[in-house]
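See structure below.
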Amino acid sequence: MQLLEVSGLTVEYPGGVKALSGLNFTLHRGEIIGLLGANGAGKTTLIKSLCGLVIPKSGEIRWRLPEERAPQLGVLLEGSRAFYWNLTGWENAEYFASLKNLPLRGLSEHLEYLFRLVGLWEARNRVAGTYSSGMKKRLSLLIALLGQPDLLLLDEPTSGVDRASVYELESYLKGIAAQGTSVVCATHVLSFAFTVASRMLYLESGRLRSWDWTNVLGRHRRAIFLLGGDLPIDDAARCNGYLHFLGDGRWHLEGETTDTRLFETLYYLLDERGFHLLQLHGVD
Ligand code: ATP
């Protein structure tokens, strides 16, 4: 079942910066989408467009909710000013839970669960302004996770979060998605994206390239990526032996679908070396 449909979404910032160009995609209920792309590719702009903080120049976002009710959103944006610094962590959580109209019944258990999930249980009664920057990030994440939103928008949810909490977060996201919450998660941490997401949207200078990774990675033993880009042959030799030059600015990257180093190499090429993905195949 669809949650929303994005068509022709184009965003331009003052000064003529075209941050998104004609994006088309649909998001289904209970689906987790990983949003990937180099710095400045438009990930944050897409997240802000989906929660109404940025008004598109053209195109639309059509929600498919029963009786046209307003969508319930949970949003984690970059920056840590997402809560009141003179309230404790717990008071903040209670305040935002009331803004989201969460029922009082079972609320303290829900909050305790989330405080433990993000690793802030011991610090829950401290004034949030005294938290370290990592703790502030985790409190913002907790506030985004409150309740059972229709759509959870997370911009870099794992930065500032320790490894144990990242594992917890992965299983929490899968759990709420199984109950119908859709998630769009912008991240540079490829292993996190591959663990939680069933589909990736890859943004390249404001344009969308979308692949159904589960179709390839979940069903095949090996993956082949056809890439375009420029790289000195010496640097290519350092890509763990996965990368081969085909000529004419085209490259072949191949490896086991369970091999995380293959994906680290892929992301290094896409993110840091300006490569673009031309095709993706699965082979047995
Ligand atoms: P990062 O990974 O660095 O967070 P991103 O993929 O989230 O990057 P955006 O922050 O969406 O990218 O930026 C997309 C483009 O829009 C960039 O060229 C950026 O410089 C520009 N941009 C973003 N916000 C503004 C703004 N408020 N005013 C003008 N230009 C902006």
Side-chain angles (χ1 to χ4, degrees), residues 4 6-27 31-61 73-82 133-134 136-141 143-145 151-161 166 169-170 173 182-197 199-211 213 225 227-229 263-278:
L4 59 83
V6 171
S7 49
L9 185 71
T10 299
V11 172
E12 220 173 273
Y13 286 111
V17 181
K18 207 167 203 184
L20 298 177
S21 303
L23 265 51
N24 297 301
F25 67 94
T26 49
L27 176 61
E31 183 179 32
I32 306 182
I33 285 188
L35 193 54
L36 305 176
N39 292 130
K43 303 179 295 297
T44 303
T45 304
L46 177 55
I47 284 187
K48 287 183 174 170
S49 307
L50 291 172
C51 64
L53 283 175
V54 162
I55 307 295
K57 182 176 178 236
S58 57
E60 63 179 333
I61 298 166
L73 300 178
V75 185
L76 171 70
L77 291 172
E78 287 172 306
S80 50
R81 275 250 168 221
S133 55
K136 285 178 179 139
K137 177 72 189 260
R138 285 183 270 146
L139 181 59
S140 304
L141 175 61
I143 290 167
L145 295 176
L151 176 60
L152 197 47
L153 297 167
L154 303 175
D155 202 351
E156 294 291 346
T158 59
S159 72
V161 175
V166 171
L169 179 63
E170 288 168 356
L173 292 180
S182 309
V183 184
V184 174
C185 180
T187 182
H188 286 282
V189 183
L190 199 61
S191 56
F192 177 73
F194 276 107
T195 309
V196 296
R199 191 151 59 101
M200 304 290 170
L201 298 179
Y202 188 83
L203 280 170
E204 211 176 78
S205 307
R207 292 181 189 278
L208 197 61
R209 292 173 176 270
S210 166
W211 301 282
W213 298 83
F225 300 90
L227 301 161
F263 295 102
E264 281 162 14
T265 307
L266 171 69
Y267 206 50
Y268 161 75
L269 293 168
L270 294 174
D271 200 18
E272 290 180 34
R273 304 309 297 251
F275 272 49
H276 47 279
L277 184 50
L278 301 169

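As the structure lists them, so they are numbered: ligands from 1, and atoms in each ligand from 1. Heads up: numbering here begins at 1 and tracks the sequence.
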For Thr26 versus Glu31, what's the shortest heavy-atom pair and its separation? O-OE1, 4.2 Å

Side chain to side chain contact (heavy atoms under 4.5 Å, CB included) partner of Pro56, chosen from Leu9, Leu20, Thr45, Thr10: Leu9

Flag for Lys137-Ser159: side-chain donor and acceptor within less than 3.5 Å: yes

Does a side chain donor of either Asp155 or Thr44 reach within less than 3.5 Å of an acceptor in the other side chain? yes

Who are the residue neighbours of ligand 1 when the rule is a heavy atom under 4.0 Å from any of its atoms? Tyr13, Val17, Ala19, Ala38, Asn39, Gly40, Ala41, Gly42, Lys43, Thr44, Thr45, Glu78, His188

Arg273: salt bridge (charged side-chain N to carboxylate O under 4.0 Å, His left out) partners, not counting sequence neighbours: Asp235

Below 4.5 Å, heavy atoms only, C-beta onward: do Leu269 and Leu227 meet side chain to side chain? yes

